[in-house]
Number of protein chains: 2
Amino acid sequence: MTDHDVFLADCPARTTLDLIADTWSVVVVFGLGHGPRRYNDLRDRIGGISNKMLTQTLRKLERNNLVTRRALSTAPAGAEYRLTPLGESLLGPVSVLARWAEEHADELGDGGSGD
Amino acid sequence: MTDHDVFLADCPARTTLDLIADTWSVVVVFGLGHGPRRYNDLRDRIGGISNKMLTQTLRKLERNNLVTRRALSTAPAGAEYRLTPLGESLLGPVSVLARWAEEHADELGDGGSGD
DNA sequence: CAGTATCCTATCGGATACTG
DNA sequence: CAGTATCCGATAGGATACTG
């Protein structure tokens, strides 16, 4: 099997994991999972994310080729975000994790990340 | 399908994701993927983790039933950590993510999480 | 060996207010 | 509408030193 040392030392997997190891990256990717979304639309859909973090996360995802931004020349301005093919390819793996999360939510002692 | 809204709003998946959305949780789980390990052994294997974070992460994983600690009554003292069945069940989902990470490492613009 | 304690920094992340 | 700017507190995380 190949899934043994994958995350140890300085494998590419570590770098990548670090990229999505924050509260919002994965959530935002998922928020775009159904197709393009506008800024406020996306924020609304996610719920609980601040402007700051949404923007910051989107920029980071852009820099890493997971998301693209397109300015709309509509009247009251507008911007549309969508997943790149790379971004879409992330949906699968993350769904697996999501499913695990849902199935075992009750077995986790406390949700506490608290120290 | 069920993998659409999974991460939005206050689904259990969000809580769980938050639990492992840090630099070390997943890595430590993986570090125990081959079986029980002693503290220093584990730290050595992971590489780049500080005492503080290793301990802190292990405690958090313990609290969430992913890892158990066993004190060894050997001469120079000792402690052994191992995955619980729940912890082991996480290996699968995370491997999928790892594989994605390895395959697409080159497509990610910069590894930069940097702002 | 297996931690704990302390210090310090950088980033995370929310709230609010402001702008084109 | 889609941000940016700013302030603030909380956490993540590293380094080092210390202890049973």
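A note on names: the letters A, B, ... follow the listed sequences, proteins ahead of strands, and every chain is numbered from 1.
Applying the side-chain contact (heavy atoms from CB on, under 4.5 Å) test to A:Ala79 and every residue at least two apart in sequence or in another chain returns A:Arg69, A:Tyr81. Taking B:Arg38 as the reference, nothing meets the salt bridge (charged side-chain N to carboxylate O under 4.0 Å, His left out) condition, with sequence neighbours excluded. In this view, B:Arg43 and B:Asn40, B:Asn51 satisfy the side chain to side chain donor-acceptor pair (under 3.5 Å) rule, not counting sequence neighbours.
Ranking C:dA2, D:dC1, D:dT4 by closeness to the B:Arg38 side chain, first place goes to C:dA2. For A:Gln56, whose side chain is taken as the heavy atoms from C-beta onward, the closest listed nucleotide among C:dC12, D:dC1, D:dT4 is C:dC12.
A salt bridge is defined here as a Lys NZ or Arg NE, NH1 or NH2 lying under 4.0 Å from an Asp or Glu carboxylate O, and A:Glu80 with A:Arg82 meets this definition. A salt bridge is defined here as a Lys NZ or Arg NE, NH1 or NH2 lying under 4.0 Å from an Asp or Glu carboxylate O, and B:Arg59 with B:Glu62 meets this definition.
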Run A:Thr15 and A:Asp18 through side-chain hydrogen bond (donor to acceptor under 3.5 Å, both in side chains) and show every step you take. CA-CA 5 Å; A:Thr15 314; A:Asp18 228 70; over 6 Å; no

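Within the structure, the ring pair (Phe, Tyr, Trp, His ring centres under 6.0 Å) test picks out no pair touching residues 41-65 of chain B (sequence neighbours left out).
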Would you tabulate the pairs of protein nitrogen or oxygen atoms and nucleotide nitrogen or oxygen atoms of nucleotides 14-20 of chain D closer than 3.5 angstrom?
unit_1	atom_1	unit_2	atom_2	d
D:dG14	OP2	B:Trp24	NE1	3.3
D:dG14	O6	B:Lys52	NZ	2.8

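Projected onto DNA chain D by closest heavy-atom contact, A:Tyr39 and A:Ala21 fall at different nucleotides, the more 5' of which corresponds to A:Tyr39.
Look at CG on A:Leu54: it is 10 Å from P on D:dT4, rounded to the nearest Å. One interatomic measurement links the two molecules: CG of B:Asn40 to P of C:dT4, which rounds to 13 Å at whole-angstrom precision. For B:Leu19 and D:dT11, the CG to P distance is 15 Å, given to the nearest whole Å. Computed from coordinates, the B:Asp41 CG to C:dC1 P distance equals 10 Å when rounded to whole Å. Put simply, CD1 on A:Ile20 is 15 Å from P on C:dC12, counting in whole angstrom units. To the nearest angstrom, C1' of D:dA2 lies 14 Å from CG of A:Asp44. In this structure, A:Arg59 atom CZ and D:dG3 atom C1' are separated by 8 Å, rounded to whole Å. The separation between B:Glu80 atom CD and C:dA2 atom C1' is 14 Å, rounded to whole Å.
A heavy-atom distance below 4.5 Å is found between the side chains of A:Trp100 and B:Thr16.
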How does DNA chain D look in dot-bracket notation if pairs are Watson-Crick or G-U with both distances under 3.5 Å, crossing ones as [ ], other-strand ones as |? ||||||||||||||||||||

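Checking each of A:Leu32, A:Leu83, A:Val29, A:Leu66 against A:Glu88 for a side-chain contact (heavy atoms from CB on, under 4.5 Å) leaves exactly one that passes, namely A:Leu83.
Residue A:Arg69 has no polar side-chain atom (N or O) positioned under 4.0 Å from OP1 or OP2 of D:dA2. Put simply, A:Arg43 has no side-chain N or O that comes within less than 4.0 Å of OP1 or OP2 on D:dA2.
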